[in-house]
Enquirer: 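Here it is, the structure in full.
Every heavy atom of this structure was used, including side-chain atoms; hydrogens, water molecules and symmetry mates were not. Naming: A, B, ... by sequence-line order, numbering from 1 per chain. Given the structure is predicted, the values throughout are model-derived calculations rather than measurements.
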Amino acid sequence: MSRAASTYAVPSYNATPDLSVKGVPPSLLSPEGSRLDGRLPHECRPAYMKTGAVNAAAGSAYAEFGQTKVIVSVYGPRESKKAQAFSDIGRLNCDVKFASFSTSVRGKASQGMEEKEYTGMLHKALECAVALHTFPKTTVDVFALILQSGGGDLAVVISCASMALADAGIVMYDLVPAVSLSCTGSEVLLDASMEEERWGDGGMIVAAMTSRNEITQLTMTGEWPSTKVSEALQLCLDACLKLAELMRSCLKEQVVAGGQ
Amino acid sequence: MRGLQFELESGQQRRVSKAQERLKDAAGSVHAAAFVNVGDTIQVDHEAGFLRGHGTQVVNGELLATVCGIVERVNKLVSVRPLRAKYNPETGDVVVGRITEVAPKRWKVDVNCRQDAQLMLSAVNLPGGIQRRRTAVDELNMRSLYEENDIISAEVQSLYQDGSLHLHTRSLKYGKLENGQLVTVAPYLIKRLKQHFHHLKQYGVDLILGCNGYVWIAAPSESGKSSVSDTPMDLSNDHGSEMSSKRSTTLIPSAQEDGKRDLSDDDKVRDSITRELRERICRLANAVRVLAALGLLIFVESIIDTYEVSLSWDTAVKDMLAAEFCIKIVEREAEHRDKKELAI
């Protein structure tokens, strides 16, 4: 076992409130090889996405991946605040919030750290996908609200945010589908649920621009067997490709159904 | 139906989808085919070559879209027009905007654009066509012309590389707007036409269709023109005392003038708007809102048409934003397009 290098120093990805509970990890795979919720190890959760969820926003999207529910609204491009220094390219301002009822332990105390961490990571994942030079001196605000935290929150937030940006008509190089993955012992579980993440040794999040074959963000945390890393990365990229297709068909559907 | 929120009963839902089907038949499936997402490959003729327009990028020789929208081709130029984007200004556009800030020698105006537009002090017409003298005093008195949160109409004077734009109000028809209602719609619903200022004689209402998606519906101003033409601006103290007596008809008296008369003038204007006129303004505003929510183009004829239809159906002003009226409008639109189709 070797500790893999991580691109982003994160103390613990997805620290659920009761992580401190020690115990014997339950068997995450049944003898037949299916997971707790009946999926195969390399199967994603059922996803539902919809744009135009917030009326007041320039663009918005709602996403539901299994138990994880997220809503993202995008405002702008609009005039930058006075206090900010002059910049001749645009600015991307991200903010991720947990709804107070989103986690099993109610309240903000346990969520403050994660909010900050997710905010930074969302910004890093999106900033190279948005063509910032097309809106000089202005700001695009991306506000994400996690309505229910059910595992793989950040990946869902990133995917949903890129949909909202596309809905707002902001110039981007590509959509940014993101997929998370959890490594438990010798098994890699794609798109892990909260229960699986809790018992996982290591986690990985990949955000990619699939039509350009570029990764915008790769985050690895925890303990990884060196043999598993490339397999996990390949799995994530494949899942990103499929997710991108889903996002595209969803965006198109909205146009055909909504605009007459 | 973006922007309006109501629950549809199952019967109504069926009618909506039926009307939508008919609309789709009439419009053909052209639009659905021309729609691209961010990152989608746009089919181009590589042999003949192509020119990369707005909303596109070239990756490994392939042309990809950078916004969600409709592909437009002009000869070799391929561009993508985004569906829902901010207002894209062009020189000469008539816009309606709101003053957000009074800055040194300029006003900042919100015109639904990426950045706030700038209205320079040197780009406004002073009352009575007096030559502006570049003194410190007239800079101090800028607020007597336009204050924060005032709504004005203006024309786009020039665009700059960094995305900023300058406005001017150097004509009698531009200036401060009062006694009316502002309706905000998506900018793409308003097409650039020869005429954006309208006086609807039959209703006695003024209508300004700003290219930026701001629609102004108001009671006609006294002179039939914008009030700015006779707005005083204190140029210098020595002139002020002589001229203020002549400016008794003004709507916005200068700071030095009597505050009481200011009030009574204002009251007079507000009182002169009758209940019937207010209702007509509201009905027109709701007609615009309904058209915007249904994604139908907004121009004078379509607004008047919707207004008249609402009258003939005996719809109350407040009911115009309810589901039933919207569905009826959609069905009517579908019928119209069907007829057009047949005529062709």
Enquirer: Let me confirm one number: the CG-CG distance from B/N37 to A/D167, rounded to the nearest 0.5 Å.
Expert: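 Result: 10.5 Å between the selected atoms.
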
Enquirer: Any side-chain to backbone donor/acceptor pair from A/E79 onto B/R114? Under 3.5 Å, distance only.
Expert: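 The answer is no, because no donor-acceptor pair under 3.5 Å joins these two groups.
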
Enquirer: At a 4.5 Å cut-off on heavy atoms, which part of A/I170 comes close to chain B: side chain, backbone, both, or neither?
Expert: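 Backbone only.
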
Enquirer: Please confirm whether the backbone N or O of B/C113 pairs with a side-chain atom of A/R78, one donor and one acceptor, at under 3.5 Å?
Expert: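 No; zero donor-acceptor contacts below 3.5 Å.
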
Enquirer: Can you tell me which portion of B/Q57 sits under 4.5 Å from chain A's heavy atoms? Options are side chain, backbone, both or neither.
Expert: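 Answer is side chain: those atoms of B/Q57 sit under 4.5 Å from chain A.
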
Enquirer: Using a cut-off of under 4.5 Å on heavy-atom pairs, state which of B/L64, B/V67, B/D116, B/N60 scores highest against chain A.
Expert: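 Top option by heavy-atom pairs under 4.5 Å: B/D116.
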
Enquirer: Sub-4.5 Å heavy-atom contacts with chain B: which residues of residues 133-143 of chain A show up?
Expert: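 Only A/T134, A/F135, A/P136, A/K137, A/T138 of residues 133-143 of chain A have a heavy atom under 4.5 Å from chain B.
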
Enquirer: What part of A/A131 gets closer than 4.5 Å to chain B, counting heavy atoms only: side chain, backbone, both or neither?
Expert: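 Neither; nothing under 4.5 Å.
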
Enquirer: Return the option, out of A/M172, A/M247, A/M209, A/R248, with the maximum number of heavy-atom pairs under 4.5 Å with chain B.
Expert: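 Most heavy-atom pairs within the cutoff with chain B belong to A/R248.
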
Enquirer: Do other residues, nucleotides or ligands put more than 12 heavy atoms under 6.0 Å from A/Q148 CD?
Expert: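 Yes, because the 6.0 Å sphere around CD of A/Q148 holds more than 12 heavy atoms from other groups.
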
Enquirer: What do you reckon, is NZ of B/K318 surrounded by more than 12 foreign heavy atoms closer than 6.0 Å?
Expert: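 Open: at most 12 neighbouring heavy atoms sit under 6.0 Å from NZ of B/K318.
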
Enquirer: Using a 6.0 Å cut-off, check whether atom NE2 of A/H123 has over 12 heavy atoms from anything other than its own residue.
Expert: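 More than 12 heavy atoms, drawn from other residues, nucleotides or ligands, come within 6.0 Å of this atom.
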
